[in-house]
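First the structure, in the form of structure tokens, and then the observations on it.
Basis for what follows: all heavy atoms, side chains included, without hydrogens, waters or symmetry-related copies.
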Amino acid sequence: MSGVNRGVRGVGPPRGALSRAPHFAVVRTPAVSLRFRPRALVVAGACLAVALGTGVLLIGSGDFPMSPADVVRTLAGRGSPADSLIVNEIRLPRVAAGLAVGAALGLAGAIFQSLTRNPLGSPDILGFSQGAATGVLAVIVLTGAGSVAVAACAAGGGLLTGLVVYLVAGRHGAHGQRLILTGIGVAAILTGVNGYLITQAKITDAARAVLWLTGSLDGRDWADAAPVIAALAVLGPLVLIGCGRALRMLEMGDDAAHGLGVPIERVRVLLLAAAVLLTALAAAAAGPVSFVALTAPQIARRLTRTAGPGLLPAACMGAALLVAADWAAQRGFPGHQLPVGVVTGLLGGGYLVWLLVTERKTGRM
């Protein structure tokens, strides 16, 4: 057991956790058997309620304020034509994009942290966000293309970066510290490439690119939100239901997972591909919003009081964090509207410092 605990250092259970193992509930149907933690479902439901409630407040705020009741009534199709135009055509796409991007980043962050067995495992740190940014900057600078091309190039850039990191880290290094160090190196290289691309752009394209690199939901429409929503609809069930148990087994170490019948390499590649694609499409929709993928899984894990990946709570927490940050960016500074990435950077940077100090005090770094 001590060997297993050393294999998952950084995200493993705290001392004494084995004596207070989480309670599981099982739901069986003729087609599928699901095992879940009731507390995790409660936390996920609470985070989802916060995310949706904040979204309603966001939709109702602005130059044409609306009460939450009016917003809900309009969303249900019972509002006036003017209210319907403001809610459904102008404000709802931005909120939907924020919810989808936050959920995608939270889910991707939980996958990365579980695979690396390290709370610092995040697409921000591993270089995948920078890879998606490189793809987007290339298409903005070279062609000035629209949303579809931006989403495609973001996905391509993120997946290509993921492949490079995986190959450099090596087949047996696609987890743990080696993957993190490789990702940091690739991220540094791509940051330089992104800076060069900006210097080669026209002034208008460069300004657009800089705003996008900060992370912003301003002006987002359904074309921006649709790819992320579609990815969540397809990859969410695949990861949560299809790979959730295998991911929990991988957290115990490769030997234990192999002994339990988990096809280690196939599951790891599938999860990495899903997480990279979610990160890339989220970056295409809102830019490389920082620290949501890092903080959401950790906060969700502390609320659920479990050592496992907590994929669903992390996704819901990510959605709540991003729409709350967007609300703060719009309303927290009177007379100024900040990009949402500025708010997540300020809060996430402070969280990262606290996390590093905590990990050092506990001897995990």
Side-chain angles (χ1 to χ4, degrees), residues 51 54-55 58-59 88-109 111 122-124 128-140 144-159 161-162 194 208-236 274-294 296 314-327 329-330 337-345 348:
T54 307
L58 266 175
I59 293 174
N88 296 320
E89 301 298 328
I90 299 177
R91 296 177 180 174
L92 181 59
R94 173 175 181 152
V95 173
L99 290 170
V101 168
L105 291 176
L107 181 57
I111 294 173
S122 161
D124 315 86
F128 303 118
S129 296
Q130 289 82 354
T134 302
V136 172
L137 285 176
V139 73
I140 289 177
S147 299
V148 176
V150 166
C153 289
L159 289 173
T161 303
N194 294 343
R208 175 188 173 196
V210 170
L211 178 62
W212 181 87
L213 281 173
T214 305
S216 175
L217 292 170
D218 187 41
R220 295 305 184 261
D221 56 22
W222 288 115
D224 299 304
V228 192
I229 295 173
L232 283 171
V234 174
L235 297 177
V276 170
L277 188 57
L278 287 170
T279 302
L281 292 177
V289 180
S290 58
F291 292 113
V292 173
L294 176 70
C316 295
M317 177 61 72
L321 285 178
L322 193 55
V323 292
D326 193 30
W327 182 89
Q330 292 186 54
Q337 286 197 18
L338 300 180
V340 67
V342 173
V343 177
T344 61

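Between atom CD1 of residue I229 and atom CG of residue L281 there is a gap of 11.5 Å, rounded to the nearest 0.5 Å. If you take CD1 on I59 and CG on N88, they are separated by 8.0 Å, rounding to the nearest 0.5 Å.
Here the shortest heavy-atom pairing between G219 and D224 reads O-OD2, 4.3 Å. Pairing each heavy atom of A96 with each of A225, the nearest pair is C-CB, 4.5 Å. Looking at every heavy atom in both residues, F128 comes nearest to G162 through CE2-CA, 3.2 Å. Annotation for V289 and V292: closest pair CG1-CG2, 4.0 Å, computed over non-hydrogen atoms. Residues S129 and T279 approach most closely at OG-CG2, 3.6 Å, considering heavy atoms. Between V136 and A154, the closest heavy-atom pair is CG2-CB, 3.4 Å.
With R220 contributing its side chain and A285 its backbone, the two residues share a donor-acceptor pair below 3.5 Å. Under a 3.5 Å cut-off, the side chain of T344 and the backbone N or O of F291 do not form any donor-acceptor pair.
With sequence neighbours left out, the side chain to side chain contact (heavy atoms under 4.5 Å, CB included) criterion links L213 to A133, L137, I198, P288. Partners of C316 by side chain to side chain contact (heavy atoms under 4.5 Å, CB included), not counting sequence neighbours, listed by chain and number: A44, C47, L48, L312. For A104, the side chain to side chain contact (heavy atoms under 4.5 Å, CB included) partners at least two apart in sequence or on another chain are V228, L232, L278, A282. The side chain to side chain contact (heavy atoms under 4.5 Å, CB included) test applied to A226 returns no partner, not counting sequence neighbours. T134 meets the side-chain hydrogen bond (donor to acceptor under 3.5 Å, both in side chains) test with N194; sequence neighbours excluded. Under the rule for a side-chain hydrogen bond (donor to acceptor under 3.5 Å, both in side chains), the partners of S122 that lie at least two apart in sequence or sit in another chain are D124.
Identified under the salt bridge (charged side-chain N to carboxylate O under 4.0 Å, His left out) test for residues 274-291, with sequence neighbours left out: none.
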In residues 320-327, what donor-acceptor pairs under 3.5 Å come from side-chain atoms, sequence neighbours left out?
| unit_1 | atom_1 | unit_2 | atom_2 | d |
| --- | --- | --- | --- | --- |
| D326 | OD1 | R94 | NH2 | 2.8 |
| D326 | OD2 | R94 | NE | 3.2 |
| D326 | OD2 | Q330 | NE2 | 3.2 |

